[in-house]
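To keep things clear, I will list the structure first and then write my remarks on it.
Every chain is numbered from 1 and lettered A, B, ... according to where its sequence line falls, protein lines coming before strand lines. Keep in mind that the numbers below use all heavy atoms, side chains included, and drop hydrogens, waters and symmetry copies.
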Amino acid sequence: MAPQHGPGESGHHPTTDGSTARGAAGRPDDRRAGPDAAGHFGRFGGRFMPEALTAALDELGAEFDKAIADPSFVAEFDRMLREYANLPSPLYLAQRLSARAGARILLKREDLNHTGAHKIRNVLGQALLVKRMGKRRVIAETGAGQHGVATATACAYLDLDCVVYMGAEDTRRQALNVARMRMLGAEVIPVETGSRTLKDAINEALRDWVANVDTTHYLLGTAAGPHPFPVLVREFVRGIGDEARAQALELTGGLPDAVAACVGGGSNAIGAFHAFVPDADVRLYGFEAGGDGVETGRHAASITGGAVGVLHGARTFLLQDADGQTVESHSISAGLDYPAVGPEHAWLAETGRASYQPVTDAEAMAAFQLLCRTEGIIPAIESAHALAGALRVAPQLAAELGREPTILVNLSGRGDKDMETAGNWFGLLDGAEVRS
Amino acid sequence: MNEPQVAEPVVGRRAGSAFGTAREQGRATLVGYLPAGFPTVAEAIEGCRVLVDSGVDVIEIGLPYSDPVMDGPVIQRAAERALANGFRVADVFRTAEAVAAAGVPALVMTYWNPIERYGVSAFARDLAAAGGAGLITPDLTPEEAGDWIAAAEQHDLDRVFLVAPSSTAQRIATTTAVCRGFVYAASVMGVTGAREQTGQAAPALVERVRRATTVPVGVGLGVSTGGQAAEVAGYADGVIVGSALVRCLLDEPDPAAARRRLGALATELAEGVRKR
Ligand SMILES: Cc1ncc(COP(=O)(O)O)c(C=O)c1O
């Protein structure tokens, strides 16, 4: 099995100016061809950033376009993914789970990647680009610490200096990941401003970047932010869907009826969706963090429960009040706890190509437990949102199709990092150790 | 005398007129920044009046925002306090009205999302009605500013975009081509906040802007003393001061004492721009 897994192999890579995308022959659905030259997906995306960063963002886009067209860059990226990150990840038919779901469930096992999530694809791609640009210093934001750990890993591997901004609130909640990043040689800077969480870590990373842009690359952790990040990150993580599509054909002889992924900023979901966008019969489902329920206001479902605006450099759906002030998000899953979403998802939602639904904390945790008990796989709580959503839509799809549907679920990461949360949720820890 | 009920534009409400006056007087224009609603709407208005009385020519009214990526710690803290004290976007119009009534142009400095949320053309309409001069937009570049430029045309408002030391000649040309009022030149690559030096890149940047446009150019980021103001006034049309003024209010719990400190610093800066 040698599925496509890196940019360059599939031969229809959009560049950041969209030029080759428009030439993607045989792919009639132009929703896959975005963005335009200025990074717009329909009315979403674009670049809302200080002028001081414009030159660097332009340079990044230009370098990326050159790199992705350069066979030696692509070969090196592929080699790192294969030899270092354990890719391509398997596509696994989860039989006992399928029996419970009333659907054939295919799991894309990104949990088996080095560092335990899809995020390694993005960080290796960007870090390799940093080397190519001749920069030495990398900064990143992190919420729970997953992207920070992945970035610290790539920087150790490629000999780059690494500084990670993390909300002070999060450094307390995720002390183990702080230690991991420091173990890997990264400097972790707790951010004390604003709500002291992920969005404030992004703000602080942007402030650092403005001041140090000559020497520094901002390694953004998801398919969001100003152009060219959404397309750049997508191109580095699209291997998820490119691989899975080929694997599904090989394993089942056909395409799945649906692809399901969780949506925080949107990187694992866009990575999973991208290959399938032109396949009109394949439904795309993005599951957002519904927290306590969208109706309670305590959630992170930007598309379902937010409104169009501008945050962190792009026009997209975000959680905001009547004055356009960002509203804090809430989710049991730190990786989904972000008040906005990547602009391509906003566009796929608006065009109707993908459908986005909220999944509550409780639904996600039930799916978390079910996967543990039926398959012996402890998923990331983020990924459990995708599973829960798949379980929800399975009977609807079965009714619609008149047969057992096949649903490909992107298992974006493993759940080791979430054991304290799960232990508290299910009451598995000794009384003395249970927090909150 | 004017008929009081006729809605005459407040005299001097365009930033360009303040720059013109200063030029006639052979000096640079002093632009002073304070956030609206900090610590309260009324006190911020008081602060603006102190600036006007001390010789500030143009007031930049900051619109407190939850995610101010271009601001350093001082302005961040002030914005947080304003929001915690209940600042609402509509309060910025009251503030602009008070500044315009004091006889100087009032530009609102704002991140983009609150304007989009309010409605670009509605905001332009209400700002113009309040006598405001226009907007300074730190996270909006001309590429994304089509709606705003159209609304500013319609309501005769100034649009101040930023240029930075990293801006290419091409970008300086396209950006300054749509600026009205003045061009905001960021003296350093970085966020707002007082600095020891205002940045060696600034004179060269001003020079490059001058080659592209006749619109006056103001230099901001890092100016905090009369000496620095004089230095910048030596090569730029305007001197923009923010964090140093905000700090006067942030550090001083007693409102009367804070206003005295604010007035003293503004006076020093106003003397600075006259000593080019
Ligand atoms: C395992 C896993 N899945 C999903 C996400 C959410 O990010 P994104 O929406 O960018 O895939 C995270 C973020 O930390 C994660 O760790």
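The shortest side-chain heavy-atom distance between Arg47(A) and Thr141(B) does not fall under the 4.5 Å cut-off. Between Gln76(B) and Thr193(A) the shortest side-chain heavy-atom distance falls below 4.5 Å.
Among residues two or more places apart in sequence or in another chain, the side chain to side chain contact (heavy atoms under 4.5 Å, CB included) test is passed with Asn85(B) by Pro39(B). Glu192(A) is linked by a salt bridge (charged side-chain N to carboxylate O under 4.0 Å, His left out) to Arg196(A), counting only residues two or more places apart in sequence or in another chain.
For Arg171(B), the part lying near chain A is the side chain, with the backbone staying farther off; criterion is any non-hydrogen pair under 4.5 Å. If you measure heavy-atom distances from Pro165(B) to chain A, you find no contacts under 4.5 Å at all. For chain A, the nearby parts of Tyr65(B) are the backbone and the side chain; heavy atoms of each come within less than 4.5 Å. If you measure heavy-atom distances from Pro138(B) to chain A, the contacts under 4.5 Å come from the backbone alone.
Ranked by non-hydrogen atom pairs under 4.5 Å with chain A, the options Asp139(B), Val163(B), Leu162(B) are led by Asp139(B). Residue with the most contacts toward chain A among Thr137(B), Leu83(B), Thr175(B), Thr168(B): Leu83(B) (heavy-atom pairs, distance under 4.5 Å). The candidate with the highest count of non-hydrogen atom pairs below 4.5 Å against chain B, out of Ile202(A), Asn203(A), Asp58(A), is Asn203(A). Interface summary for chain B: among Glu204(A), Glu51(A), Lys199(A), the most heavy-atom pairs under 4.5 angstrom belong to Glu51(A).
Residues of residues 134-148 of chain A lying under 4.5 angstrom from chain B, judged on non-hydrogen atoms, do not exist here. Annotation: residues 310-329 of chain A contacts chain B through Val310(A), Leu311(A), His312(A), Arg315(A), Leu318(A), Gln320(A), Asp321(A), Ala322(A), Asp323(A), Gly324(A), Gln325(A), Thr326(A) [non-hydrogen atoms, separation under 4.5 Å].
Residues Arg117(B) and Ala307(A) share a closest heavy-atom pair of NH1-CB, 3.4 Å. The minimum heavy-atom distance linking Ala52(A) with Ala164(B) is given by the pair CA-CB, 3.6 Å. Minimum interatomic distance between Met189(B) and Val213(A) (heavy atoms only, all atoms of both residues): CE-CG1, 3.5 Å.
A donor-acceptor pair under 3.5 Å is formed between the side chain of Arg207(A) and the backbone N or O of Asp71(B).
Between the CD atom of Glu116(B) and the CZ atom of Phe48(A) there is a distance of 5.5 Å, given to the nearest 0.5 Å. To the nearest 0.5 Å, the span separating CG on Leu53(A) from OG on Ser166(B) amounts to 7.5 Å.
Under 3.5 Å, the side chains of His40(A) and Glu144(B) contain a donor-acceptor pair of N or O atoms.
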